[in-house]
Protein chains: 2
Amino acid sequence: MPEKSIPDIVVSRLPRYLQALEHLAKDGIQTTSSQELGEFIGISAAQIRKDLSQYGEFGKQGKGYNVHYLIDKLREILKVNRIWEMVLVGAGNLGHAIANYQGFAEHGFRIVLIFDSDPQKIGQKAGSLIVQDANQMVDLIRHRGIKIGMITVPASEAQAVADSLVTAGIRAILNYAPITLSVPQGVHVQYVDPIIYLQRMTYYLE
Amino acid sequence: MPEKSIPDIVVSRLPRYLQALEHLAKDGIQTTSSQELGEFIGISAAQIRKDLSQYGEFGKQGKGYNVHYLIDKLREILKVNRIWEMVLVGAGNLGHAIANYQGFAEHGFRIVLIFDSDPQKIGQKAGSLIVQDANQMVDLIRHRGIKIGMITVPASEAQAVADSLVTAGIRAILNYAPITLSVPQGVHVQYVDPIIYLQRMTYYLE
DNA sequence: ATATGTGAAATCTTTCACAGCG
DNA sequence: CGCTGTGAAAGATTTCACATAT
């Protein structure tokens, strides 16, 4: 598995490949080709082959790719062939929806701590967990060695929460707040902001 | 406003610029530079200048950009200087969280119809709206001339819902279901899938 | 016959660096 | 002087097209 600075843009496509392959597997399909996979997700066959070739030779000439084998390889590459514990900060509407979403667990992401600073929310249930006091956040996260956090607090509090998460040892943040976070080198952030996605589409309308 | 096939990658950055500028405006800042804006959102100053220059000359040499003027211009370019009506399909946990999220309205996106096919959910409230029967979806959407839809149904139903939305005249879809949608040329789709974002980050962990 | 893996070519995107203007 | 707007250069990404393997 040779790995010398593979471009981020390649990495960003791998989860889509994995998702599509899992879909094919669920439909009972054993073998696929870069062509078929590409049509399925709207990416050129050459690009898929080139992307995968960065990590090894997973296909067979004249035959294509074994779906289960490629799923295993991609899970290994993406490091999702294990359970990842996560912390959720913000127990509002969105936080509750996320706490109840089964999709995380199905993909090996387990929410094990939920925090809020609102005394009304602390002690309440969210999903199967009890909302903890945000004051204890840094200690509890550090103690469990959690590396992934999700932020669902209002924009005005998001940067402070991010700072606490980084202090607690979090290395990856999924940010639902509509604000760009400032984090140290080596901490990864991904943004989930529906407004931005909508604005990317209205541009093309009418 | 000369517009001859500006790359999608440029368009995709404009909402981030707008978001950052609105943030600056809220803080009372009147003027900014490509340098300052770039540091704020982690994009090079040259890139911001080049992107904006595709649409006109919005800055003043030696001075920078007037924040409010640039906000106005970006809203015009992105066509968000108006109210957009939207339809939401899927009144589960996530659908309810979205229906209650004030951020949409604050940015001119108004959810005016919510559908579900579950008899238990039809007639119930979601946000300030009543959940309608999905059977009536195509007619009601077409009648109101709505162009933007959000999908929060399970993956297994998402493609069928997308097909109905397209039939109803929807031209932009924000898809929360973990599946790649197949839509005709000219219909835009953006994906909101937290699992994929998490997998993009676990790659870099450990 | 068919589909991979991959150098080379084509295309796209970003950065550089500076003329020009307030 | 400071910062924009922008050609040109550098760099990154995608596509092509084919040798190769089954």
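Proteins come first, then strands; the chains are lettered A, B, ... in the order of their sequence lines, and each starts at number 1. Heavy atoms only: backbone and side chains are in, while hydrogens, waters and symmetry mates are out.
Using a cutoff of 4.0 Å between basic side-chain nitrogens and carboxylate oxygens, Arg82(B) and Glu206(A) are scored as salt-bridged. With respect to Arg49(B) and Glu57(B), no salt bridge is recorded, no charged nitrogen being found less than 4.0 Å from a carboxylate O.
Whole-Å rounding puts the Asp51(A) CG to dT4(C) P distance at 13 Å. Following rounding to the nearest Å, Ile6(A) (CD1) and dA12(D) (P) show an atom-to-atom distance of 15 Å. One atom, CG of Asn66(B), and another, C1' of dC3(D), lie 15 Å apart when rounded to the nearest Å. A straight line from CZ of Phe58(B) to C1' of dC3(D) spans 17 Å, rounded to a whole angstrom. The separation between Gln54(B) atom CD and dG7(D) atom P is 11 Å, rounded to whole Å. We find that CG of Leu70(A) is positioned 16 Å from P of dA3(C), with the value rounded to whole Å. Rounded to an integer number of Å, the gap from OH of Tyr55(A) to C1' of dG5(C) is 16 Å. Going from atom CG of Asp8(A) over to atom C1' of dT14(C) covers 16 Å, rounded to whole Å.
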List the atom pairs, with distances to 0.1 Å, where a side-chain N or O of residues 99-114 of chain B and a protein N or O form a donor-acceptor pair under 3.5 Å, not counting sequence neighbours.
from: Asn100(B); atom 1: ND2; to: His96(B); atom 2: O; distance (Å): 2.8
from: Gln102(B); atom 1: NE2; to: Asn100(B); atom 2: O; distance (Å): 3.1
from: His107(B); atom 1: ND1; to: Gly103(B); atom 2: O; distance (Å): 3.0

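Overall bending of the helix from dA1(C)-dT22(D) to dG22(C)-dC1(D), expressed as the angle between end axes built from five pairs apiece, is 10° (10° steps).
Each of dG5(D), dT14(C), dT4(C) was ranked by its minimum atom distance to the side chain of Tyr65(A); first place goes to dT4(C). The listed nucleotides are dG22(C), dG5(C), dG5(D); the one nearest the side chain of Lys60(B) is dG22(C).
Expressed to the nearest 0.5 Å, how far CD1 of Ile48(B) lies from CG of Asp51(B) amounts to 8.0 Å.
Ring geometry for His188(B) versus Tyr204(A): interplanar angle under 30°, hence parallel rather than tilted (30 to 60°). Between Tyr197(A) and Tyr197(B), the two ring planes are parallel [angle under 30°; tilted spans 30° to 60°].
Closest-nucleotide positions on DNA chain D for Lys63(A) and Arg13(A) were compared, and the one nearer the 5' end corresponds to Arg13(A).
Judged purely by atom type and a 3.5 angstrom limit, Arg171(B) uses its side chain to pair as donor or acceptor with the backbone of Gly186(B).
Heavy-atom distances under 4.0 Å link DNA chain C to Ser44(B), Gln47(B), Arg49(B), Lys50(B) of residues 14-50 of chain B, given in residue order.
Counted by atom type alone, Ser12(B) and Arg200(A) present zero donor-acceptor pairs between their side chains at under 3.5 Å. Between the side chains of Asp193(A) and Gln19(B), a donor-acceptor pair is found at a separation under 3.5 Å.
Taking only distance into account, the side chain of Gln61(A) never meets the base of dT22(D) through a donor-acceptor pair shorter than 3.5 Å.
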